[in-house]
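In what follows, residues are counted from 1 in the order of the sequence shown.
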Amino acid sequence: MPLPLPRHQARATRETGRRTRSALLDAAARLFAERGLAGASLAGIAAAADAFPSQVTYYFGSKEALFVEAASREMLHTAARVEAAGSGAGSPAGYVRAMAAEAIGDATLLLFADALLLCHHRPELRPLVARTLDRLHREGGRALSERCARERWELAAAPEVIGRAFWAVLLGLVMEAAGSGTPVDPTAVEAAVVSALAARPSPR
């Protein structure tokens with residue numbers, strides 16, 4: 001029976017594993033965004049991450065699982081940038097407009113939409129997407145709730161509901177644009193989400 005590694009060696013091994021895993025996700029996100037799931041190979045992803053193809057399957061199990069995890073991670077990073085874009089808005093409508101303008105054109109949204117569709121046929125990959133969506137909606141709702149408290153905005157629906165509506169509308173329009181070849185109009189996002197907001201400033 002092999003002896004356990006000394007603690008310092010075990011820590012170094014775990015840290016090396018985390019770095020390799022992160023490098024694979026970085027390379028996968030870039031190559032999947034450029035080439036799609038079918039066009040990016042495990043060998044190409046491994047080479048871009050200075051790793052071996054066997055390490056991809058060791059850490060992720062399959063190319064599809066890597067695709068879903070990379071898309072989910074990038075989506076959460078994008079969501080943080082999108083929420084920050086609304087920080088200077090002076091009204092709920094302006095808040096939505098600024099976030100939509102930041103999000104439209106970001107390749108991550110289409111990447112994540114592809115991950116959602118993939119999970120329709122690969123149910124074993126759904127838990128990661130479900131966790132990502134839950135975090136996306138919770139953090140979007142929290143950001144809007146904090147903004148409403150500061151600005152004394154009143155909304156017709158709970159911030160969590162509005163956050164969910166924002167991402168649902170945006171992802172739907174991005175998929176529609178990809179299928180039709182028509183660019184997403186920021187005002188379409190604003191119109192669809194702001195109609196759900198029905199927001200007005202509260203009396204001071």
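- Annotation for P159 and G141: closest pair CB-O, 3.4 Å, computed over non-hydrogen atoms.
- Closest of all the heavy-atom pairs between A98 and A85 is CB-O, 3.5 Å.
- In D50, the CG atom is not crowded: 12 or fewer heavy atoms of neighbouring residues, nucleotides or ligands sit closer than 6.0 Å.
- Rounded to the nearest 0.5 Å, atoms CG (L76) and CZ (R135) are 5.0 Å apart.
- With sequence neighbours excluded, no residue forms a side chain to side chain donor-acceptor pair (under 3.5 Å) with E74.
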Would E160 and R164 count as a salt bridge (charged side-chain N to carboxylate O under 4.0 Å, His left out) here? Give the steps. CA-CA 6 Å; E160 297 80 10; R164 180 183 291 269; over 6 Å; no
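- Between the side chain of K63 and the backbone N or O of S41, no donor-acceptor pair lies under 3.5 Å.
- Tracing side-chain contacts under 4.5 Å through hydrophobic residues (I, L, V, M, F, W, Y), one never reaches L111 starting from M175; they form parts of separate clusters.
- Cluster partners of F52: none. The rule joins Ile, Leu, Val, Met, Phe, Trp and Tyr whenever side-chain heavy atoms lie under 4.5 Å apart, and it links nothing here.
- At least one donor-acceptor pair closer than 3.5 Å links the side chain of T132 to the backbone N or O of L128.
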Start with the C-alpha distance between L116 and L133, add both sets of side-chain angles, then the distance that settles side-chain contact (heavy atoms from CB on, under 4.5 Å), and finish with yes or no. CA-CA 10 Å; L116 292 173; L133 287 169; 4.0 Å; yes
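- Side-chain contact, T78 with R81: a donor N or O sits under 3.5 Å from an acceptor N or O.
- For F112, the ring pair (Phe, Tyr, Trp, His ring centres under 6.0 Å) criterion is met by no residue, not counting sequence neighbours.
- Here the closest non-hydrogen pair linking A89 and G94 is CB-C, 3.4 Å.
- Counting heavy atoms from C-beta outward, L25 and L66 have side chains that approach closer than 4.5 Å.
- Residues L37 and V56 are members of one and the same hydrophobic cluster, defined by side-chain heavy-atom contacts under 4.5 angstrom among Ile, Leu, Val, Met, Phe, Trp and Tyr.
- In this structure the side chain of M75 reaches within 4.5 angstrom of the side chain of W167, judged on heavy atoms.
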What's the verdict on side-chain contact (heavy atoms from CB on, under 4.5 Å) for L109 and I104, showing C-alpha distance, side-chain angles and the deciding distance? CA-CA 8 Å; L109 272 73; I104 289 169; over 6 Å; no
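- Residues passing the side chain to side chain donor-acceptor pair (under 3.5 Å) test with R126, sequence neighbours excluded: none.
- Atom-to-atom distance recorded for Y58:OH and L24:CG is 12.5 Å, nearest 0.5 angstrom.
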Might you work through the side-chain contact (heavy atoms from CB on, under 4.5 Å) test for E69 and R21, ending with a clear yes or no? CA-CA 11 Å; E69 185 161 348; R21 199 175 192 283; 2.7 Å; yes
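- Linking ILVMFWY side-chain heavy atoms closer than 4.5 Å, directly or via other members, places V82 and V161 in two distinct hydrophobic clusters.
- Taking 4.5 Å as the limit, every side-chain heavy atom of V129 sits out of range of all side-chain heavy atoms of L118.
- Remark: I45 CD1 to R35 CZ distance equals 9.0 Å, nearest 0.5 Å.
- Looking at every heavy atom in both residues, A48 comes nearest to L31 through CB-CD1, 4.1 Å.
- For E176, the side chain to side chain donor-acceptor pair (under 3.5 Å) test picks out no residue, with sequence neighbours left out.
- At least one donor-acceptor pair under 3.5 Å links the side chain of R147 to the backbone N or O of G86.
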Begin from the C-alpha positions of L125 and F67 and carry the test side-chain contact (heavy atoms from CB on, under 4.5 Å) through to its verdict. CA-CA 10 Å; L125 302 177; F67 179 85; over 6 Å; no
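- Among residues two or more places apart in sequence or in another chain, the side chain to side chain donor-acceptor pair (under 3.5 Å) test is passed with R73 by D26.
- Between the side chain of S22 and the main chain of R19, no donor-acceptor pair closer than 3.5 Å is present.
- Looking at heavy atoms from C-beta onward, H120 lies out of side-chain contact with L117 at the 4.5 angstrom threshold.
- The line from CZ of R150 to OG of S87 is 8.5 Å long, rounded to the nearest 0.5 Å.
- Within the model, atoms OG of S145 and CH2 of W153 stand 12.0 Å from one another, a figure rounded to the nearest 0.5 Å.
- To the nearest 0.5 angstrom, R131 atom CZ is 11.5 Å from R138 atom CZ.
- When all heavy atoms of A46 and P53 are compared, the closest pair comes out as CB-N, 3.5 Å.
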